[in-house]
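Everything numeric here is computed off the predicted structure, so don't read it as measured data. What's counted below: heavy atoms across the whole structure, side chains too, no hydrogens, waters or symmetry copies.
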Amino acid sequence: MPNESEPGFNAARVRPTLQAIARLISTDRRIVVLATEKAEILLSNKPAAQLELDVSALQTAFNWHTLCTRARRSGSVAVSVTFREKHLEGELVHLPLGNAAAFLLRLVETDQEAVLLQNRARAATLLRVSHDLKTPIQSVLASAEALFDSREDHAGKTNPDTARVEKSARMALTHIEKVIRVIRGEMTSADLQADEDFDLAEESRNVLDMIEPIVLARRATVTMKIEPETAIGLHGPVHIVRALLQNMFDNASKHGGETIDIRVACAPEMTASKDGRKERLITVEVADQGGGLPATQKARLLGTGIDGTRDERTTGANADRTTAGLSVLAHAIGHLGGHIEVFDRLGGGAPLKNGTQPVIGTILRAIFSLPPTETDALPETRETPQAGVANGLLQGIGVLVVEDSPSSRDWLVQCLRNAGARVDGVENGFKALEVLKQPEAVHQIDVLLTDITLPNMSGVELMRRIKTERSKKTMAWNGQILGLTAHTDAGLEKTCLALGMSRLLEKPIRTAALCRAVQNAARGKADTRQTAAVRLKHRPARTAATPDQPLARKVVAELIGQLGEKAALGFMIRAHAEAKAVMDKITSDGQCPDTKRLLHSATGSSGLTGLALLQSSLRQVELALDGPVAKLNALVAEANQALSATEKAISLIGSEAGGGR
């Protein structure tokens, strides 16, 4: 609570607010709690007391710190959780109080009220998600028209528009799957607002790839400038960011005139948020030549709040109903805690400063800030690589890594680059196929390193697709394939080898072994099925991890020796956060169709970064998903204990690293 002795606190100003909140809480029939960011209960009502909502309950069942972070950014956030066998729906509202802050949690547990609240939230979510379906479907149609209108002299050659059709169709299917999951109740509005690591540069390019066929169909041109050109690692609600990018790019692609200029910029220096956290300032700007935006539409966009309501700037005779696209855009920027700027564009590209010059288009600018990923937030300190992995071991070798876990993908890319390889990473099989179909892949990619458990298209299915494309002569790439899995068996290995895989590697894998496998594959030294099976059969037993020794010390030491303490610690923190997010979801929501894949992914990233106890616990939970509920619950509890033990061990490494400098 605010300290009245502090100069920034105005007691007379805050006291009426607290009194009003107290009256609101005491008279509300719903479950209502006012608490600090540390989950300290300030005020609560009788329904909350009956449910036994205390400090421990908020911290364990509600993932309180993460919810408060999101609510502080956007003002309010949806909450969906199961606590004491009751499914609760509601919202968490950030309440600034002088120089301090509190968070108001309101929940409903009765079936009738919960259903009403769920339906209202789903209706708003479905409006936004359904609207976003229009762009990828239109992109598919535009690409198909270009494909079928191709000239006859292109017959027998790979048509570049085919890749656009496939990419647009894949993105459309992803959106459709999202709609189905929302309708079925498998994904709530809280899930769509969840924070995760992502690359803003990659997301921006993906959206541009999707809308580009629409621009080309209008015989217009579109350019994108990303500053910096390297990856922009952020941690935040990626679904919301995608909605923002798509609706900004989409509007210009359809109504932007002959030329559309897009700029995505990330400030080089970190800034401090209101609560002191380090964040990156992001600017997304779309400048088109489609004529100026009408005044009423500017008012709709600038005056629409996060809840879809309009303020006094949008009232009046000319204030029409807000369009779906502008509502989505306003909703997205609201949840990101940012703001929108709109300018009329002059002929030279500059914004209009007075009303006398001719307007040729619109400049739409979104400004927001998000924290960086853990590895980007840490200072980059590189020490001498371990002697067993020489810098030049993979010199001249090109590798494409396919891994859906961001922390595992970044780890693999970094390790291979340190050994001298040229490396690119993608998160699914569809993107891998796009890369491999490019003519330059023949000369640039020597080895494909793919995880086996991937979303939508497994690693096995990816190999089948590659084999089919090669037989149809629609793919010229003919390099070696290495598989990577958190757990294997003879049947899986036999299937992979039969499809043309050089070798199936098992996580966790040491850096030296990984680099040697890539080097051998690039040289064409493929293992036979018999020797691969013998190698797995006689693999020495690993030392079992315990709560007192939760880390694989050799793996951690190698990671630190290769990347430096800070960077290694960042990878370990990211792997732990990935595992915690999966376990939090299982604890609060139970199983969903994607639970096994998410567990598998977290298991692999834990093994790669030396989180041995966590890797073992997650594996046991994965194996028990189809078994008795009592056994699963016990293993989930053990996994949560492993999370705590691992977090303490990582913190100890961090304190030792900090004290040694």
Side-chain angles (χ1 to χ4, degrees), residues 147 156-171 173-174 206 209 394 397-405 408-409 412-413 416 421-486 488 491-507 509 514 517-529 532 597 600-601 604:
L147 178 63
K157 298 181 181 179
T158 301
N159 194 310
D161 291 311
T162 304
R164 291 191 183 126
V165 173
E166 187 169 357
K167 173 173 281 191
S168 298
R170 173 174 53 79
M171 297 189 76
L173 290 173
T174 300
N206 286 342
D209 286 343
L394 302 180
I397 296 176
V399 185
L400 177 64
V401 175
V402 191
E403 169 63 71
D404 59 316
S405 164
S408 292
R409 184 171 66 249
L412 291 166
V413 168
L416 295 172
R422 304 184 311 272
V423 192
D424 285 317
V426 295
E427 67 268 26
N428 58 55
F430 292 106
K431 288 191 175 181
L433 286 173
E434 291 174 7
V435 174
L436 294 175
K437 285 182 178 180
Q438 300 300 316
E440 56 269 23
V442 176
H443 307 289
Q444 295 181 357
I445 300 174
D446 302 292
V447 179
L448 173 70
L449 176 63
T450 178
D451 189 23
I452 297 301
T453 305
L454 296 169
N456 301 319
M457 179 194 297
S458 69
V460 173
E461 179 59 28
L462 171 59
M463 285 186 289
R464 289 197 180 102
R465 290 284 299 272
I466 291 174
K467 190 174 182 179
T468 300
E469 297 288 349
R470 285 172 172 174
S471 65
K472 296 192 300 183
K473 300 190 182 306
T474 52
M475 179 187 291
W477 182 80
N478 196 33
Q480 297 292 328
I481 303 174
L482 290 175
L484 197 60
T485 180
T488 187
L492 175 61
E493 187 169 30
K494 182 178 180 180
T495 299
C496 291
L497 294 174
L499 288 169
M501 179 177 285
S502 173
R503 183 175 173 186
L504 181 60
L505 308 171
E506 187 173 0
K507 302 176 187 177
I509 184 170
L514 172 66
V518 171
Q519 184 187 50
N520 288 338
R523 292 176 177 176
K525 295 180 179 179
D527 293 329
T528 65
R529 303 180 197 182
R597 183 188 66 80
H600 180 94
S601 186

Exercise: identify the closest heavy-atom pair between [X] and [Y]:
X: Val442; Y: Ala476; value: CG2-CB, 3.6 Å
X: Gln480; Y: Ser502; value: OE1-CB, 3.6 Å
X: Leu504; Y: Glu493; value: CD2-CA, 3.9 Å
X: Met501; Y: Leu482; value: CE-C, 4.1 Å

Q.
I'd like to know if Glu427 and Lys431 make a salt bridge, using a cut-off of under 4.0 Å between side-chain N and carboxylate O.
A. yes
**Q.** By salt bridge (Lys or Arg N to Asp or Glu O under 4.0 Å) - contacts of Arg470 (at least two apart)
**A.**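 In terms of salt bridge (Lys or Arg N to Asp or Glu O under 4.0 Å), with neighbours along the sequence ignored, Arg470 is linked to no residue.
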**Q.** Side chain proximity check, Leu400 to Leu449, heavy atoms < 4.5 angstrom
**A.**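 The answer is no; the side chains never approach within 4.5 Å.
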Could you check whether any side-chain N or O of [X] sits under 3.5 Å from a backbone N or O of [Y], counting only pairs where one atom can act as donor and the other as acceptor?
X: Arg503; Y: Ala517; result: no
X: Arg409; Y: Gly425; result: no
X: Thr450; Y: Gly459; result: no
X: Ser408; Y: Ser405; result: no

(Q) My understanding is that only residues two or more places apart in sequence, or in another chain, count here; which of them pass side-chain contact (heavy atoms from CB on, under 4.5 Å) with Asp404? (A)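 Testing Asp404 for side-chain contact (heavy atoms from CB on, under 4.5 Å), a comparison that skips the adjacent residues, returns Asp451, Leu454, Pro455, Arg597, Ser601.
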Q: Please round to the nearest 0.5 Å and tell me the distance separating atom CH2 of Trp477 and atom CG of Leu448.
A: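 The CH2 atom of Trp477 sits 5.0 Å away from the CG atom of Leu448.
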